[in-house]
Structures are given as structure tokens and as C-alpha cells.
Amino acid sequence: MASQFSKYPESVHDFAVKDAKGNDVNLSIFKGKVLLIVNVASKCGMTNSNYTELNQLYDEYKDKGLEILAFPCNQFGDEEPGSNDEITEFVCSRFKSEFPIFDKIEVNGENSSSLYKFLKSGKWGIFGDDIQWNFAKFLVNKDGQVVDRYYPTTSPLSLEHDIKKLLGV
């Protein structure tokens with residue numbers, strides 16, 4: 001769901017998305033925060049390590065201005081087949097995650113979410129436009145600008161230096 005703004009989006013803050021319960025969330029509520037936006041899946045070989053490390057980052061830096069935004073996606077190997085309720089239950093009960101889980105989306109193709117079209121519009125060199133797999137990560141500064149993109153195989157904890165730099169800690 002694109003935002004109500006008529007202009008071309010200039011930042012992540014120009015978008016509204018649905019949360020896992022179907023409520024509209026205007027991403028402008030995250031102005032002034034560093035964002036780590038991740039497409040997630042419950043049945044991926046990288047699920048345990050990514051959720052564990054995302055939780056560690058969130059616990060360490062949420063009070064310093066980090067938000068992690070998780071977008072379930074079932075486009076890769078049918079590894080996120082559940083409903084929003086099933087996904088939220090899995091993430092919250094198994095991993096005790098406290099960061100926001102959003103509506104299941106598509107990140108590639110004709111039905112790619114507007115937010116992901118924007119995230120992928122940067123000059124990413126070898127990455128190209130498409131998301132390669134579950135757990136691709138975008139780091140967004142406090143002004144809503146994408147500053148980096150990381151492969152799905154990149155450990156969330158390896159981003160700590162970049163996150164700290166953007167947070168100013």
C-alpha cells in the first residue's frame with residue numbers, strides 16, 4: 001500500500017504499510033530512528049540465526065533509536081506459508097521477538113510492495129534490483145534514506161558497527 005502522498009516517495013517515511021493485524025502504519029512514525037528492514041521467513045535455514053541475532057541487536061539498541069521492521073515473504077522456497085497470525089505467533093513464542101511484524105508481502109515482481117520497490121531503487125551494483133532470498137537487509141538512516149543493503153547470508157550482528165555509526169553511539 002503506497003502512502004497517501006501524491007509525490008514520488010523521497011524516503012521510507014513517505015510510505016504506509018499494513019501491520020500483521022491489518023492496521024495501517026504510516027512509516028513516518030519512525031522519523032528520527034535508524035531502521036533495519038528485513039524480509040523474513042519462518043521455515044528458512046537461516047531463520048534461527050537471523051531471528052536470534054536480530055533480537056540481540058534490538059535488545060541492545062532499541063532504547064538508543066533502532067527499530068527493526070520485519071516483513072514476512074513467501075516468495076522464496078515457500079518458506080513463509082502461514083497466515084499473519086501464525087507467523088506472529090511463531091516469531092513471538094519461539095523467538096520472543098518484540099520488534100514489529102508486518103503484513104506478508106511480495107518483495108519481487110509485479111506485485112512487489114511499493115516500499116520494497118523504493119528500497120531496491122538504490123544503486124546496489126552486484127545486487128541488482130531483485131531480492132535474492134529471505135533475510136535480505138536494508139539499513140535506513142534517521143532521515144528515512146537507505147544507506148546500505150546486505151545479502152541474506154550477512155549476519156545481523158555483523159551490521160552492528162554500521163548501526164552504531166548511524167545511531168551516533
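K137 is not listed as a side-chain neighbour of D148, based on a closest heavy-atom distance of 4.5 Å or more. For the pair K142/L166, no side-chain contact is recorded, criterion being any heavy-atom separation below 4.5 Å from C-beta on. Annotation: side chain of V25 is in contact with side chain of F102 (closest heavy-atom distance under 4.5 Å). Looking only at side-chain heavy atoms (C-beta outward), L69 and L36 stay at 4.5 Å or farther from each other. Considering only heavy atoms from C-beta on, D103 stays 4.5 Å or farther from F71 through its side chain. E160 places a side-chain heavy atom less than 4.5 Å from the side chain of L57. A heavy-atom distance below 4.5 Å is not found between the side chains of V140 and V147.
The neighbour count for K62 NZ, taken as heavy atoms of other residues, nucleotides or ligands under 6.0 Å away, is above 12. Other residues, nucleotides and ligands contribute only 12 or fewer heavy atoms inside 6.0 Å of the NZ atom of K43.
The backbone N or O of I131 sits less than 3.5 Å from a side-chain atom of N108, completing a donor-acceptor pair. A side-chain donor-acceptor contact under 3.5 Å links S121 to the backbone of F118. Panel note: side chain K31, backbone G144; no donor-acceptor pair is recorded below 3.5 Å. Looking only at distances, a side-chain donor or acceptor of D14 sits under 3.5 Å from a matching main-chain atom of E10. A donor-acceptor pair is defined here as one N or O able to donate and one able to accept, closer than 3.5 Å; no such pair exists between the side chain of E79 and the backbone of N134. A donor-acceptor pair under 3.5 Å is absent between the side-chain atoms of D130 and the main chain of Q132, judged by distance alone. With hydrogens and angles disregarded, no donor-acceptor distance shorter than 3.5 Å links the side chain of E53 to the backbone of N50. No donor-acceptor pair closer than 3.5 Å links the side chain of T154 to the backbone N or O of Y150. A donor-acceptor pair is defined here as one N or O able to donate and one able to accept, closer than 3.5 Å; such a pair exists between the side chain of T88 and the backbone of N84. Of the possible donor and acceptor atoms, one in the side chain of N26 sits under 3.5 Å from a partner among the backbone N and O of S28.
When the ring pair (Phe, Tyr, Trp, His ring centres under 6.0 Å) test is applied to F30, no partner is found at least two apart in sequence or on another chain. Under the side-chain contact (heavy atoms from CB on, under 4.5 Å) criterion, T47 pairs with C44, Y51, F90, F95, F135, sequence neighbours left out. With sequence neighbours left out, the side-chain contact (heavy atoms from CB on, under 4.5 Å) criterion links L167 to V34, Y61, K64, L66, I163, V169.
The two residues F138 and R149 have their closest heavy-atom pair at CE2-CD, 3.4 Å. Considering all non-hydrogen atoms of both residues, I37 and Y116 come closest at CG2-OH, 3.6 Å. Contact detail for E106 and C73: the closest heavy-atom pair is CA-SG, 4.3 Å. Of all heavy-atom pairs spanning K104 and I87, the tightest one is CE-CD1, 4.0 Å. Of all the heavy atoms in L157 and Q56, the pair that sits closest is CD1-OE1, 3.1 Å. The nearest pair of heavy atoms linking G77 to W133 is N-CH2, 3.8 Å.
Looking only at atom types and distance, the side chain of D78 has a donor-acceptor partner in the side chain of N74 under 3.5 Å away. Looking at S42 and E80, their side chains do bring a donor and an acceptor atom within 3.5 Å of each other.
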Discussion item. Between D24 and V17, does the side-chain contact (heavy atoms from CB on, under 4.5 Å) criterion hold? Intermediate values first, please.
Written reply: CA-CA 6 Å; D24 289 331; V17 295; over 6 Å; no

Worksheet item: Under the side-chain contact (heavy atoms from CB on, under 4.5 Å) criterion, do I101 and D19 qualify, and how do the steps go?
Response: CA-CA 6 Å; I101 309 292; D19 68 14; over 6 Å; no

Worksheet item: Would V107 and Q75 count as a side-chain contact (heavy atoms from CB on, under 4.5 Å) if you check the C-alpha gap in whole Å, the side-chain angles of each, and the deciding distance to 0.1 Å?
Response: CA-CA 8 Å; V107 298; Q75 285 187 286; 3.5 Å; yes

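Atoms CG and NZ, on L27 and K33 in that order, are 13.5 Å from each other to the nearest 0.5 Å. In this structure, CG in L35 is found 9.5 Å from CG in L119, a value given to the nearest 0.5 Å. Atom CG of L54 is separated from atom CD1 of I68 by 5.0 Å, given to the nearest 0.5 angstrom.
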